[in-house]
Asks: 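Below are the structure tokens for one structure; questions will follow.
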2 protein chains.
Amino acid sequence: MTTQELLIKAKAAKSKLGNIKAADIDCALLMMADQLIENTDAILAANALDVEAAKGNISDVMIDRLMLSAERISGMAQGIREVAALPSPLGRVLKHHERPDGLVIERVSVALGVVAIIYESRPNVTSDAAALALKSGNVCVLRCGKEAHGSAGAIVEALRAGLKKAGLDEDMVLLIEDTTRQSANELMTADGYVDLLIPRGGKGLISAIVKNATVPCIQTGTGICHIYVDSSADLDMALDIVENAKCSRPSVCNAEEVLVVAESVARDFLPRLKQRLVDEREVNPVELRLDEKAARIIDGTPAGEQDFDTEFLDYILAVKIVKDVNEAVAHINAHSTGHSEAIITQDEQAADIFTRGIDSSSVYVNASTRFTDGGEFGLGCEMGISTQKLHARGPMGLEELNTYKYIIKGSGNIR
Amino acid sequence: MTTQELLIKAKAAKSKLGNIKAADIDCALLMMADQLIENTDAILAANALDVEAAKGNISDVMIDRLMLSAERISGMAQGIREVAALPSPLGRVLKHHERPDGLVIERVSVALGVVAIIYESRPNVTSDAAALALKSGNVCVLRCGKEAHGSAGAIVEALRAGLKKAGLDEDMVLLIEDTTRQSANELMTADGYVDLLIPRGGKGLISAIVKNATVPCIQTGTGICHIYVDSSADLDMALDIVENAKCSRPSVCNAEEVLVVAESVARDFLPRLKQRLVDEREVNPVELRLDEKAARIIDGTPAGEQDFDTEFLDYILAVKIVKDVNEAVAHINAHSTGHSEAIITQDEQAADIFTRGIDSSSVYVNASTRFTDGGEFGLGCEMGISTQKLHARGPMGLEELNTYKYIIKGSGNIR
């Protein structure tokens, strides 16, 4: 099936969305979870072929992300059941206005329509994304990276079997066959077929989307996150937070990449930082990339200009010294990707300047940037973390996979 | 000043937005209104030159829209004062979540940053758009059509004088000097400078934006609006609503362009329609463009295929006969621009099928599409009517000119 043929099927499935009730969707999700378990052997067989083909072509970390087990599949099924248990975002009355002539105007949440997701080689994203798109009432079109395509195919087959058992249109979940760049390009320009495109991938994919997409998109997931240690910071707290934000899981988008330090505490703080992040860490010591002023205080790699605009996703931290909170805000707004930034301070005024001035999705006072996550923020789940300002900013939950329409009821009202 | 130089000024003004309070903005708006009045003579002089230069080049209707008077300027000032009196959309706490470890996560509404508006030759849009953008905390970049550019320049000068008197940065309101296509193209691709671009113009501008824009945009204002007269409709009500939606102001985007009629009532309804919209109207009789089935019942122009995909903005109505509400929904979803559609029916089930099935911003039961308007919907004002689904759908008020950020306050919390 060509991508265009698949999009026509998606549009046909979308035309029936209006008749599906939230309870039907929850029932289908439970059946989809059951079918995943039931098809464990087929999924593992397809996955084994993917892993075999990928060996030598991608890193061991990527192989690990690609590989499934009965336990992982059971986890995926459990994930779907948890999504089914969340409240439906559909049909919320967001505004209610009654005119003097009796006309009643309501703003009501509804599905977007067809949600397409481009993702890379993590097979579990297949079921996660499909469950979230479906729970929020949408038809889901998946475009998976080539390494995981066989696994994704087996997973989608199981999900579609679940939809069928529940009496819903199987074409609510569709997987694109073509894994070349062409199918990504076709999705980006599928005007009239795709209501929202979510790219989940690296910088290259995101910038191709910004440049070429004519369908509505939400950019997700690049995080050059900053922590600023203010002149009034509790330095013990600062050390704990910086270590957590940098080292607890450096490969994720909410990890810290740049540390900004107020001049007045740099001389006290930087030697303790080096001790904690470098000297005391036998496994995975952090490489510090220091600006000129920081390099006068501690040893480390001299920072190149690019180091303040790089998402390392590794045990590397760029360090910059600034005069005060205002200079910190200016530096961060000029170099951040708009994801998550934190200030460590005991001074309420500095905290206020920082939270007002920083133009990012999530602005922290005295806490680690690692909390930026749909689950941690109380949204129940997450489709990705938006770094744009329109529609959704920060973690995207189910409500962000809806739009609204106005439903207006009258009895012959004219203007 | 080049467009690029102007955008740098806008970005500098944006960097100070965090420090401005809602009360400062209201005060500035009142001063801006006063300055408009005070500069009436200068604005009228600039406008007279615009009108002189435009004569012979644009239609009389356009000349009328272009022409200002002391009364119209006073109306613009009053418009600004009304915006000042609205509640500020800034600083609303949209979500509040507290974690067991004491971390408090709030989703708070904030300005988008720099809002750019491309508009054509209505000088009053200059002050309307600037007031709405400013009230919602944004820096406003205006790009006016060449016919009204002199008038817009004089208006912006007055508005900036008001900002200065209020102690705010004059560069909160900026008018682009270049009125060629180049400046529109520069705005569309001003990544990092423009947080939202709102094109207010015809089909050509909107489709150029969809194709070329790399900055976030909201498409506004094209309305191919449908009214469907169901088999169970009260035909007297249907006549009143159709006449209102078509004839009360045909040049606006919420006017009806296509009438869809259920087969079973067509033989009763169409002769009455022709009587009301054609025969009884001495001034501006409506031209009916009829599909084959309708043409068998009444006289009129045979509809070409394009007539069901055209925003006439004139006393023209395309008429199509369908079997039932399901066929009506399918036709409308295939041909509408997603603006406003109505069903006239006494049957609750048909109304339900219609409101669930129609994929447009505003779906009416037994009322005229002409109500789609920020003021009528209780939003207090309107920047335009979005026909897209992301961020804002339907009339855009002040809240839709905001985004949000998460502000998270802890006491050393790590994950």
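First the proteins, then the strands, lettered A, B, ... as listed; each starts at 1.
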Asks: Contact part of A:Arg370 toward chain B, heavy-atom cut-off under 4.5 Å: side chain, backbone, both or neither?
Replies: both

Asks: Roughly how far, to the nearest 0.5 Å, is the CZ atom of B:Arg415 from the CD1 atom of A:Ile241?
Replies: 14.5 Å

Asks: Do you know which of A:Ile105, A:Leu390, A:Ile353, A:Thr189 has the most heavy-atom pairs under 4.5 Å to chain B?
Replies: A:Leu390

Asks: Using non-hydrogen atoms only, which part of B:Asp236 is less than 4.5 Å away from chain A: side chain, backbone, both, or neither?
Replies: neither

Asks: Is B:Asp359 paired with A:Lys14 through a side-chain N to carboxylate O contact shorter than 4.0 Å?
Replies: yes

Asks: State whether the side chain of B:Lys405 and the backbone N or O of A:Lys389 hold a donor-acceptor pair below 3.5 Å, judged by distance alone.
Replies: no

Asks: Before accepting this row, confirm whether a basic side-chain N of the pair A:Glu348/B:Lys409 lies closer than 4.0 Å to the acidic partner's carboxylate O.
Replies: no

Asks: Decide yes or no for A:Leu379 and B:Lys95: does some side-chain heavy atom of the first lie under 4.5 Å from some side-chain heavy atom of the second?
Replies: yes

Asks: If you tally heavy-atom pairs under 4.5 Å against chain B, which of A:Ser361, A:Pro216, A:Ala111 wins?
Replies: A:Ser361

Asks: I'd like to check B:Val363 versus A:Tyr406 (side-chain heavy atoms, cut-off strictly below 4.5 Å). Are they in contact?
Replies: no

Asks: With a 4.5 Å cut-off on side-chain heavy atoms, are B:Ile408 and A:Ser362 touching?
Replies: yes

Asks: Are any of the side-chain nitrogens in B:Glu399 or A:Arg107 under 4.0 Å away from the carboxylate oxygens of its partner?
Replies: no

Asks: Is A:Val110 in contact with chain B via its backbone, its side chain, both, or neither, using a 4.5 Å heavy-atom distance?
Replies: side chain

Asks: Answer yes or no: is there a side-chain heavy-atom contact under 4.5 Å between B:Ile414 and A:Glu243?
Replies: no

